[in-house]
Structure formats: C-alpha cells, structure tokens
Amino acid sequence: MKKIIIEGRKKISGTIKISGAKNSIVALIPATVLTNGKCVIKNVPDITDVKTLLEIMKDLGSVITFENDTLTIDNKNLQNKLIDEKHASKLRASYYFMGSLIGKYHKVSIAYPGGCVIGSRPIDIHIDAFKKMGIDIIENGSIFDMSVDELNGIQIYLNFPSVGATINIMLASVLAKGTTVIENAAKEPEISNIASFLNSMGARVFGAGTSRIVIEGVESLGDGFVETIPDRIETGTYVIIGALLGNNLRVENVIPTHIEALLYKLKEAGVKYSLDGNSIVVSATENLKPINVKTSVYPGFPTDLGQPISTFLTQCNGECLFEETIYENRLRHVPHLNAMGANVKAFDNRAIITGKTPLHGRKVKATDLRAGASMLVAGLIADGVTEIQNIEHLLRGYERIVDKLSQVGVNIKLIDE
Ligand code: EPU
C-alpha cells in the first residue's frame with residue numbers, strides 16, 4: 001500500500017516539465033501490434049499503465065527497450081495469445097488489443113478491461129462496431145473470443161463520440177479491405193496522435209481530430225515512429241496547482257490549445273497566467289471569483305480535470321456549480337474534500353461548491369486516479385499535514401509526481417508500506 005504525505009501551504013516556483021500523455025501512450029503501445037516492423041515511440045511517460053501494457057506485449061513476444069523516455073518495440077516474433085484477466089483487468093486500455101489483434105490476426109481472445117471505478121463504463125459501442133465489421137464475438141465468462149474471416153471497411157455513426165471506440169475502430173480497420181468511415185468520431189487530441197503513428201507505418205487515416213474519420217485499408221504496415229503528445233490532463237493539474245500556489249510557476253512542454261477550456265475558466269475566475277512558447281506561466285491569485293464548470297467531450301472542459309478543478313472551486317469566493325456529464329460516478333472524492341473543510345453539496349452528478357473555505361490536513365483516500373489528483377491539490381493548499389492513501393491510483397497516470405513537486409518547493413514524500 002502506497003501513500004503520500006504532504007505538508008501544505010508552500011508557495012511553489014520553478015519549472016515542471018510535462019510528460020507524454022497517458023491516454024495516448026496506452027493506445028500507441030497496442031497499435032504497434034499491427035506491424036511486424038520496428039516501432040520507435042518518443043516522450044513515453046514512465047507510469048504504471050505503461051508498465052502493465054509492456055508486460056502484456058512481452059507476453060505476446062515483443063522485444064522491447066525503454067530508455068530515456070524512448071520505447072523501441074520489435075514485434076517480429078509476435079504470437080497471438082490470450083490476454084488473460086490478470087493483465088487485462090489492470091487497466092481500461094487493454095481493450096485496444098481487441099482492435100489491433102483482430103486487425104492483424106483476425107482473431108483475438110481477451111478478458112474484460114479494468115480501469116477506475118467512475119461509472120458503469122460499458123464497451124457496447126466498441127462491440128457494436130466490431131460486429132458491424134462482420135466480427136463474431138462470443139463471451140465466455142469474462143473472456144471475449146473474437147474472430148472474422150475477412151475484415152471489410154464499414155460506414156459507422158457513433159451514438160456517442162467515444163474515445164476508446166473511435167481508436168479501436170481505427171485499429172481494426174487500417175488493414176481491412178476497403179474504406180471505413182467513422183461519423184461522430186471523438187475529436188480528442190489523443191486520436192490524432194494515434195492516427196499520425198498509424199500513418200507513419202503506412203496506414204491511410206484521414207480526418208483524425210474532426211468528427212469524420214476516413215480510413216482507407218492497406219495491405220500491410222512497416223516501421224513506425226511517433227512522439228507522444230504532452231499530457232493535457234497532467235498539464236491542467238499543474239496549472240490548477242499554480243493558480244492556487246504558484247509564484248511564476250512554469251509548466252513547460254505543453255500544447256496550450258489542448259487545455260483551452262481550462263484556461264478560459266481560470267481566466268474567468270481571475271487567475272493570471274501567460275503563454276510563453278510551449279510553456280504556461282501561472283501565479284496564485286487572491287480573491288478568486290466563483291465560476292461554473294460543466295465537463296463535456298473535447299474541446300469542452302475535460303472530465304479528467306473535473307475532480308482537480310473541484311478542489312480549486314473550494315477556493316473561489318461564492319457559489320460555484322459543477323456538473324459532470326461523461327461518467328455517472330465521478331464525485332466519489334467529495335466526502336474526502338468535505339472532511340478537509342470544503343463545503344460541497346453533491347446531487348448525483350452535480351455539486352454546489354461554496355467558498356472560500358480553508359482546508360485542513362487530514363488522512364484521506366484516492367478513490368480513483370483523478371480523485372487522487374483532487375486530493376493532492378487539496379493537500380497542497382491545506383494547513384498542516386495531509387496523508388493520501390491508495391496513491392497507486394495516482395501513480396497510474398502522473399509520472400514522477402513526487403519528484404516534480406519536490407523540485408518546485410513542495411514538502412512531499414511517498415511511503416511504500
Ligand atoms: N461509453 C459507453 N459505451 C462504450 C464506450 C463508452 O457507454 O462502448 C460511455 C462511458 O461509459 C463513458 C463515456 O461513454 O460514460 C465516455 O467514454 P469514452 O469511451 O469516451 O472514454 P474511454 O475511452 O473509456 C478515455 C480515457 C478516460 C477519459 C475518457 C474521456 C483512456 C484509457 N481513458 O476513456 O481517461 O476520461 O476517454 O476523455 O484513454 C482518466 O485518464 O482518468 C480517464 C478515465
């Protein structure tokens with residue numbers, strides 16, 4: 001069991017360098033399965049989810065080196081084996097092996113994916129799309145056995161622009177016969193990152209980043225190269241921290257347009273920040289104004305920043321309305337926030353957050369990854385000492401978080417019991 005101990009209320013200054021995006025790399029790694037060539041992926045974050053995916057890849061026969069944030073994957077001797085529950089259930093993104101293995105071998109056996117408990121998180125949109133592609137799917141307990149004789153391009157309209165389903169359809173269709181068109185596709189920046197990688201191997205994916213993606217199937221793929229985009233959620237988390245405690249905190253290696261919705265909201269609250277090349281420089285502001293935040297799909301306010309911003313809202317002077325629209329269960333951190341002194345009244349997926357309330361150091365839990373980020377922000381602004389338990393969740397998505405915060409002046413340590 002790992003926990004973090006933080007001594008709060010320290011001003012922070014200096015530079016935090018943002019790592020590669022978790023939600024890109026977790027798809028880029030399974031995408032390598034599609035080629036027998038060599039793949040080089042740069043700017044790879046050293047996070048638990050990456051370790052888990054590399055374990056699965058090694059089990060399938062990949063030869064991997066991971067040095068200085070560069071991953072080299074050689075799949076010459078890959079074998080199409082069962083991905084069992086022990087591996088698949090450790091993270092959500094194991095479902096990308098459905099798309100890539102069926103695309104390459106026309107057959108895959110894989111257990112149900114895991115991931116944070118933030119809602120029911122079905123995969124019906126993925127399954128519907130696979131079935132439309134002619135894939136037979138048999139559920140044996142927790143195992144999906146999928147097979148198809150020949151993969152053919154399809155036209156598909158997604159009832160919801162699911163990030164995972166959009167990527168999975170891309171993975172399954174790059175080697176299919178004919179053209180696949182995804183209408184109402186997800187537009188998150190991670191989708192374009194995956195498309196660039198596939199195209200570097202010789203795939204023909206057009207329109208990624210828009211709501212209509214066209215994939216012209218090709219016969220085979222070659223070597224691949226890609227740089228993982230900066231993590232917009234890690235960026236947003238540190239910008240929020242800077243808005244509460246920063247003294248010219250520089251958050252660098254970022255793409256500011258990827259977090260425009262957050263920057264807009266912070267500006268509305270009165271936060272002062274500036275853009276300097278690929279950096280955002282942010283300082284703490286007194287007298288924050290109350291704002292309302294509603295999460296939505298990209299380019300709306302990201303659901304993954306909903307929990308961290310809710311801690312920020314406790315420091316605004318007045319009543320803030322918060323609404324989560326993507327997941328049913330993303331307010332499980334609220335009791336912990338209230339235990340620290342916040343005034344948050346939650347009703348289903350909405351909350352009224354009334355501030356400004358001082359927060360006090362307490363023993364709290366990270367109930368999921370972004371809840372952990374919310375508790376971290378709370379611990380940083382609280383008086384006294386905060387202990388955050390179940391921090392394994394946080395380590396799944398934030399690279400070297402303790403080092404990064406220590407370097408800008410935070411008194412924080414990780415304890416592994
Ligand atoms: N949904 C369905 N059926 C499906 C797929 C999705 O009902 O077949 C629902 C989900 O239950 C959810 C909503 O649609 O309510 C959004 O799901 P989506 O498929 O877009 O998300 P995802 O691919 O499961 C990825 C990230 C999430 C991030 C979302 C939205 C990965 C591994 N996960 O999830 O990241 O919240 O996109 O941007 O890429 C996180 O990093 O904390 C995290 C949860």
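Along the sequence shown, residues carry numbers from 1. For ligands, and for the atoms within them, numbers begin at 1 and follow the listed sequence.
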Just which atoms of ligand 1 are under 4.0 Å from any heavy atom in [X]?
| X | answer |
| --- | --- |
| Arg121 | 11 (O), 24 (O), 34 (O), 44 (C) |
| Ile123 | 4 (C), 8 (O) |
| Gly164 | 19 (O), 23 (O) |
| Phe160 | 13 (C), 14 (O), 16 (C) |
| Arg330 | 36 (O), 40 (C), 42 (O), 43 (C), 44 (C) |
| Asp124 | 2 (C), 3 (N), 4 (C), 7 (O), 8 (O) |

Considering distance alone, does some N or O of [X] sit under 3.5 Å from an N or O of ligand 1?
| X | result |
| --- | --- |
| Tyr95 | yes |
| Val163 | yes |
| Arg370 | yes |
| Tyr327 | yes |
| Ala93 | no |
| Ser162 | yes |

**Item:** Exam field: side chain Asn68 to backbone Thr70, donor-acceptor pair closer than 3.5 Å
**Value:**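 No, because the side chain of Asn68 does not come within donor-acceptor range (under 3.5 Å) of the backbone of Thr70.
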
**Asked** Backbone N or O of Ser310 within a donor-acceptor pair of the Thr314 side chain at under 3.5 Å?
**Response**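 No; judged by distance alone, with no hydrogens or angles, the pair does not exist.
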
**Prompt:** Is ligand 1 less than 4.0 angstrom away from at least one heavy atom of Arg396?
**Reply:**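 The answer is no: ligand 1 sits nowhere under 4.0 Å from a heavy atom of Arg396.
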
**Message:** Against ligand 1, does Ala165 come closer than 4.0 Å with any heavy atom?
**Reply:**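 The answer is no, since Ala165 has no heavy atom less than 4.0 Å from ligand 1.
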
**Request:** Would you mind telling me if ligand 1 is within reach of the side chain of His126, the backbone, both or neither, using heavy atoms under 4.0 Å?
**Result:**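 Contact part for His126 vs ligand 1: both backbone and side chain.
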
**Item:** Part of Asp304 within contact of ligand 1 (heavy atoms, under 4.0 Å)
**Value:**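 Side chain only; the backbone of Asp304 stays clear of ligand 1.
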
**Asked** If you look at every heavy atom in Tyr112 and Pro122, which pair is closest and at what distance?
**Response**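 Heavy atoms only, the tightest pair is OH-CA, 3.8 Å.
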
Taking only Lys NZ, Arg NE, NH1 and NH2, and the carboxylate oxygens of Asp or Glu, determine whether [X] and [Y] approach each other closer than 4.0 Å.
| X | Y | answer |
| --- | --- | --- |
| Glu190 | Arg232 | yes |
| Asp145 | Lys107 | no |
| Glu268 | Lys265 | yes |
| Asp49 | Arg396 | yes |

**Asked** Any ring pair (Phe, Tyr, Trp, His ring centres under 6.0 Å) pairs touching residues 391-417, not counting sequence neighbours?
**Response**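 Every pair satisfying ring pair (Phe, Tyr, Trp, His ring centres under 6.0 Å) with a residue in residues 391-417: there are none.
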
**Prompt:** If hydrogens are left out, which of Ile127, Leu369, Val26, Ile326 has an atom nearest to atom 13 (C) of ligand 1, that is, the closest non-hydrogen atom?
**Reply:**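 Among Ile127, Leu369, Val26, Ile326, the closest heavy atom to atom 13 (C) of ligand 1 belongs to Ile326.
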
**Message:** For a quick check under 3.5 Å, do Ser374 and Thr311 share a side-chain donor-acceptor pair by atom type?
**Reply:**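 Indeed, the side chains of Ser374 and Thr311 share at least one donor-acceptor pair under 3.5 Å.
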
**Item:** Test side-chain hydrogen bond (donor to acceptor under 3.5 Å, both in side chains) applied to Lys104 and Thr35, Asn80, Asn36, the passing residue
**Value:**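 Running side-chain hydrogen bond (donor to acceptor under 3.5 Å, both in side chains) over Thr35, Asn80, Asn36 with Lys104 returns exactly one hit, Asn36.
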
Residues 203-217, side-chain donor-acceptor partners within the protein, below 3.5 Å, at least two apart:
residue : atom : partner : partner atom : Å
Arg204  : NE   : Glu216  : OE1          : 2.9
Arg204  : NH2  : Glu216  : OE1          : 3.2
Thr210  : OG1  : Gly207  : O            : 2.7
Thr210  : OG1  : Arg212  : N            : 3.2
Thr210  : OG1  : Arg212  : O            : 3.1
Arg212  : NE   : Glu183  : OE2          : 3.0

